[in-house]
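First up is the structure itself, then whatever we jot down about it.
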Amino acid sequence: MPLVGILMGSDSDMAVMGKAADILEKFGVSYEMRIISAHREPDLFFEYAKSAKERGIKVIIAGAGMAAHLPGMCAALFPLPVIGVPMHTSSLGGRDSLYSILQMPTGIPVATVAIGGAANAALLAVKILAVSDDALLEKLEDYAKELEEQVKAKDARLQEKGHRGYAQDE
């Protein structure tokens, strides 16, 4: 049974939202991924958001561009955490999406990550789930160690090769 719902209004968001799926898979967190438009399929959207809790979903990650109503509407209908992922847009570079997701009315919170930040949205979902899952918390701690080791390895390479040698290797 999926614990996280990954929702997007268009398949044009797939390249970004796929990064959330990749992170959830890395941590062994079950998820479902759907393309549902709040504007073009309101009945289907309402059914999805209202039934998500009963289907076992604990967190929804919703990606949206332009008017970016999807995360906010999820938060209005789904009683558990919603994480909004603003999409880059051609007209305003994603600032329209970002502001739309950030500016939620009191009582309807949506956690918001950076424009295109689906990987961080998934990591936030994993952290939310890890509050009550010690095995998942241990995986997060191991992941943090991996990140630390990656930075140490990069610094060691820089110290060995200098900044010019480091840049030539890339």
Do [X] and [Y] have side chains that get closer than 4.5 Å, going by heavy atoms?
X    : Y    : answer
K50  : F78  : no
Y166 : K154 : yes
K53  : K58  : no
P109 : M104 : no
L3   : I57  : no
V126 : V59  : no
I115 : M87  : no
H39  : H69  : yes

Starting at [atom1] of [X], measure out to [atom2] of [Y] and round the result to the nearest 0.5 Å.
X    : Y    : atom1 : atom2 : value
C74  : F46  : SG    : CZ    : 10.0 Å
L136 : E141 : CG    : CD    : 10.5 Å
L147 : K152 : CG    : NZ    : 12.0 Å
I61  : L70  : CD1   : CG    : 12.5 Å
M17  : I35  : CE    : CD1   : 10.5 Å
Q103 : T112 : CD    : OG1   : 9.5 Å

Side chain to side chain contact (heavy atoms under 4.5 Å, CB included) filter on S10, not counting sequence neighbours, yields S12, D13
Should [X] and [Y] be regarded as members of a common hydrophobic cluster, given that ILVMFWY residues are connected when their side-chain heavy atoms come within less than 4.5 Å of each other, either directly or indirectly?
X    : Y    : value
L129 : L140 : yes
L44  : M33  : no
I108 : L7   : yes
V110 : I128 : no
I60  : Y31  : no

Would you name the heavy atoms of [X] and [Y] that are closest together and state the gap between them?
X    : Y    : result
A125 : V4   : CB-CG2, 4.4 Å
A118 : V85  : N-CG1, 3.8 Å
A62  : P71  : O-CG, 3.4 Å
I83  : A121 : CD1-O, 3.4 Å

Check for a donor-acceptor pair, side chain of [X] on one end and backbone N or O of [Y] on the other, with a separation under 3.5 Å.
X   : Y   : answer
S30 : G28 : no
T89 : M66 : no
R34 : M8  : no
S97 : P86 : no

Practice problem: Carefully, step by step, assess Q168 and K161 under the rule side-chain contact (heavy atoms from CB on, under 4.5 Å). | Solution: CA-CA 10 Å; Q168 287 177 352; K161 297 184 177 249; over 6 Å; no
- request: Apply side-chain hydrogen bond (donor to acceptor under 3.5 Å, both in side chains) to the pair Y143 and E148, showing each step before the final yes or no.
  value: CA-CA 9 Å; Y143 180 73; E148 180 181 355; over 6 Å; no
Tell me whether the NZ or CZ atom of R40 lies within the 45° cone about the ring axis of F45 and under 6.0 Å from its centre. no
* Which is it for K26 and E146 under the salt bridge (Lys or Arg N to Asp or Glu O under 4.0 Å) test, yes or no, and what are the steps along the way? -> CA-CA 13 Å; K26 177 179 179 63; E146 286 176 33; 3.4 Å; yes
Query raised in the report: Would you call K145-E149 a salt bridge at under 4.0 Å N-O?
Result: no
Whether over 12 other heavy atoms sit under 6.0 Å from E25 CD = yes
